[in-house]
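Before any comments, here is the structure.
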Amino acid sequence: MSGLLRPRIQFRCLHQSRSLRGLSHHLSTPRPPRTGWEYRTGMSVTDSTDRTESDLVAARRAKLARWRDDLGIDPWGCRVDGLVPLAEARSMFDEAAADAIDGDPPPDTDPRPRAAVAGRVIQHRAMGKLCFMVLRDESGDLQISCSKAELETSSFKLASKVDYGDIIVAAGPIGRTKRGEICIWADRFEVHCKSLAPPPEKFHGLTDAEQRYRRRYVDMYATPGTMETFLRRSQIVSEIRRFMEEHDFIEVETPMMQPVAGGAAARPFVTHHNALDIDLYLRIAPELYLKRLLVGGMRRVFEINRNFRNEGISRRHNPEFTMMEAYEAFGDCESVMSLTESLFRKLAGGTVAFGDLMIDYEAAFERTTYGDLFEKTHGCDMRDADAVRKVASSKGFDDASTKDPWLLVEALFDEAEEAIDPSRPTWVTDFPAPLSPLSRPHADDPSIAWRAELFIAGMELGNFYTELNDPDIQRARFTEQLAGINDEDAAFRSLDEDFLDALLVGMPPAGGFGIGIDRVVMLMTGNTSIRDVVLFPLMRSDGGSE
RNA sequence: GAUCGCGUAGCUCAGUCGGUAGAGCAACCGCCUUUUAAGCGGUAGGUCCUGGGUUCGAGUCCCAGCGCGAUCACCA
């Protein structure tokens, strides 16, 4: 429930059309030939047909050829059974067994535990007849030592010549070096993948943000912290899923290609189905489909998946983003708010740092109403149209005298959001009904809707509603919204008649909510840019195959 | 979309007042059996983002473009 069919679309469209014009101009402009090929291989492009390898790539290819021709090895590897993750091999280290070996000649039976491991070489130190290397996999790092005395000649040659970035398999007893480093003393050593690309700097990894996002596969192994963030993301999504299932929600998948893009006010992406010869929209929200499922009889449903919005990119916005939406029949705004509060409490497990903020999820979240926040910031009642116009006019809005006063309230509310303490998770409740066309108005005051938003660290985390299930009011709301939109939006916005038919069949009263999963991950991992929690954030095309 | 900042070797970064393009890591050759960003000796590696301009001379100054980042706007 990501948003609404809001009249605000009018000015968003002005904004969007500028960006679209900018984009088409951009696409028609020839770009300098800095291609993906260069990023990947370090080769430089001398003209459109002739590619010259960099010395670094040439050296790696030459090494590959020598291994294949002189040592007869297949550098591309094969299936290997019985491998253990590096962290697990490290944990198998046995102090007593290592002590038994130290100093004295090894006994007939080596008491040290053995392990076979695989990993990418991230450090390599060759010292003549001995070499050390550090391997990395998703579980961590582990040192391997290869001695000329312990390995077959060809294996030792390989071990002493592997490059940063190669993927190897090694096996042997898990011991310790003189300096106390846990280490596998390899008696088996094989290369299972030759890396031909020039590696990044081995201590800093990639620091240039552009390269980190464009070449995430390098960033993941080379930059400290990247893998941890994405493993944590995976855990968080898994915890959320488990939490929802424990609360008797069932997971569903609804269309991402929709004939009518509804459930939010965003501008959609358009695609085309050839056989049916129809345009389809990538969904901007799953809301209207999930509500159909309540009509069909499901009591509690949720969906975690991508939405696509054809809008700007920022530190907090990626055009495709992951959202969880959930609907609970016979719940309401309050029931889904308290469910969410306990979800956040569980995910955070206390206080989590985000930038300079220390955010406490244990205490009850703050609450304020939209109207109070508005009045505190602007000194007038949001229902007082004349006063609102006066404030808007004093803030320099050109359309202060003609625009719908509720749209002025919405525009002015941005400033009010800044009054929310970013270090305290805060509910803003009782949104204006005219800005909330999918939620139920209060019985005693139809200008106020049963709708709340959650704010944390200055970010909007999600929307929470008592759902509107009166088909006549819903139709009227949709119709009002459509009446106010401009030509540009009218092209992709229309009444979802099938959804209204579903409401005629009858949807039980319900609470519903949507939360931005990427933003939850940002909060839980302390990343202040969404690009650091999305594996492959959208980047401007940079020529070549990127 | 606006404003500000950045773009130099494969990577991480220096580059003074406009005066011959620098270092570390990585690479190549040699030495080295307990290293920890190993060490020592040697070698090679550049479209200084692109295109104009100013100048005797531009990595450096000016203009335009491209890309990235930050802030703002819009949104979750």
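A, B, ... follow the sequence lines: proteins, then strands. Residue 1 opens every chain.
- With respect to A:Arg214 and A:Asp219, no salt bridge is recorded, no charged nitrogen being found less than 4.0 Å from a carboxylate O.
- Nearest to the side-chain atoms of A:Met539 among the listed nucleotides B:rC11, B:rA26, B:rC68 stands B:rC68.
- With respect to A:Glu181 and A:Arg176, no salt bridge is recorded, no charged nitrogen being found less than 4.0 Å from a carboxylate O.
- B:rG30 and B:rG22 have their C1' atoms separated by 26 Å, with the value rounded to a whole Å.
- In this pair, A:Phe513 and A:Phe464 present their aromatic rings parallel. The plane angle is below 30°, not in the 30 to 60° band.
- B:rA26 atom C1' lies 16 Å from atom CZ of A:Arg120, rounded to whole Å.
- Between the CZ atom of A:Arg61 and the P atom of B:rC28 there is a distance of 15 Å, rounded to whole Å.
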With the criterion being N/O to N/O and under 3.5 Å, what pairs connect the protein with nucleotides 33-36 of chain B, and how long is each?
from, atom 1, to, atom 2, distance (Å)
B:rU33, OP2, A:Met127, O, 3.4
B:rU33, OP2, A:Lys129, N, 3.0
B:rU34, O2, A:Lys178, N, 3.0
B:rU35, OP2, A:Arg179, NE, 2.6
B:rU35, OP2, A:Arg179, NH2, 3.1
B:rU35, O2', A:Arg125, NE, 3.3
B:rU35, O2, A:Arg125, NE, 2.8
B:rU35, O2, A:Arg125, NH2, 3.0
B:rU35, N3, A:Gln143, OE1, 2.9
B:rU35, N3, A:Gln143, NE2, 3.0
B:rU35, O4, A:Gln143, NE2, 2.5
B:rU35, O4, A:Thr177, OG1, 2.9
B:rU36, OP2, A:Arg179, NH1, 3.1
B:rU36, O4, A:Thr177, OG1, 2.7

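- Of the charged side-chain nitrogens involved, at least one lies within less than 4.0 Å of a carboxylate oxygen, so that A:Glu415 and A:Lys395 count as a salt-bridged pair.
- Taking atom CG of residue A:Asn307 and atom P of nucleotide B:rC74, one finds them 21 Å apart after rounding to whole Å.
- The partner of B:rU50, taking Watson-Crick or G-U wobble pairs whose two distances both stay under 3.5 Å, is B:rA64.
- Nucleic acid contact class of A:Leu461 (heavy atoms, under 4.0 Å, all strands): sugar-phosphate only.
- Under 4.0 angstrom from either OP1 or OP2 of B:rC68 there lies no side-chain N or O belonging to A:Arg531.
- In this structure, CG of A:Asn310 is placed 13 Å from P of B:rG1, rounded to the nearest angstrom.
- In this structure, A:Asn318 atom CG and B:rC68 atom P are separated by 13 Å, rounded to whole Å.
- Comparing B:rA14 with B:rA58, their P atoms sit 24 Å apart, to the nearest whole Å.
- B:rC17 and B:rC72 have their C1' atoms separated by 37 Å, given to the nearest Å.
- Spacing of P atoms, B:rC4 relative to B:rU43, comes out at 47 Å, to the nearest Å.
- Of the candidate nucleotides B:rU12, B:rC68, B:rC28, B:rC68 has the atom lying nearest to any side-chain atom of A:Ala209.
- By the salt bridge (Lys or Arg N to Asp or Glu O under 4.0 Å) test, A:Arg424 pairs with A:Glu366, sequence neighbours left out.
- The phosphate of B:rC68 (OP1 or OP2) has a side-chain N or O of A:Arg214 nearer than 4.0 angstrom.
- Of all nucleotides present, none satisfies the Watson-Crick or G-U wobble test against B:rG59 with each distance under 3.5 Å.
- For B:rU16 and B:rC61, the P atoms lie 9 Å apart once the distance is rounded to whole Å.
- Across all strands, A:Ala126 comes closer than 4.0 Å to base atoms (heavy-atom distances).
- We find that CG of A:Asp208 is positioned 9 Å from C1' of B:rC6, with the value rounded to whole Å.
- If you take CG of A:Leu412 and P of B:rC74, they are 11 Å apart, rounded to a whole angstrom.
- When heavy atoms are screened at a 4.0 angstrom cut-off, A:Leu454 is found touching no nucleic acid atom at all.
- Under the Watson-Crick or G-U wobble criterion, with both distances below 3.5 Å, B:rU33 has no partner in any strand shown.
- Between A:Tyr361 and A:Phe365, the ring-plane angle classifies as perpendicular under the 30° and 60° cut-offs.
- With B:rU12, B:rA26, B:rA44 as the choices, the nucleotide that has an atom nearest any side-chain atom of A:His204 turns out to be B:rU12.
- Between B:rC68 and A:Arg540, a contact under 4.0 Å exists linking OP1 or OP2 to a side-chain N or O.
- Remark: A:Glu303 engages A:Arg283 in a salt bridge, criterion side-chain N to carboxylate O under 4.0 Å.
- The partner of B:rU43 is B:rA27, by the rule that a Watson-Crick or G-U pair needs both atom distances under 3.5 Å.
- Closest contact between the side chain of A:Ser314 and the listed nucleotides B:rA37, B:rA73, B:rA27 involves B:rA73.
- For B:rC25, neither phosphate oxygen OP1 nor OP2 lies less than 4.0 angstrom from any side-chain nitrogen or oxygen of A:Lys202.
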- Task: Tell me, with the steps shown, if A:Arg120 and A:Asp137 meet salt bridge (charged side-chain N to carboxylate O under 4.0 Å, His left out).
- Result: CA-CA 7 Å; A:Arg120 197 179 286 278; A:Asp137 70 7; over 6 Å; no
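- For B:rG1, the paired base is B:rC72 (Watson-Crick or G-U wobble, both distances below 3.5 Å).
- No salt bridge links A:Arg90 with A:Asp141; every basic N to acidic carboxylate O contact stays at or beyond 4.0 Å.
- Taking the six-membered ring for Trp and thresholds of 30 and 60 degrees, A:Phe413 and A:Tyr370 have nearly parallel ring planes, at less than 30 degrees apart.
- Pairing for B:rU20 is absent, with no Watson-Crick or G-U wobble pair whose two atom distances lie under 3.5 Å.
- If you take atom P in B:rU33 and the same atom in B:rA9, they sit 37 Å apart, rounded to whole Å.
- Put simply, CG on A:Asp163 is 17 Å from P on B:rC11, counting in whole angstrom units.
- The gap from the P atom of B:rU36 to that of B:rA26 amounts to 13 Å, rounded to the nearest Å.
- Where A:Val162 and A:Gly516 each meet RNA chain B at their nearest nucleotide, the meeting point lying more 5' is that of A:Val162.
- With both ends at atom C1', the span from B:rU47 to B:rC66 equals 15 Å, rounded to whole Å.
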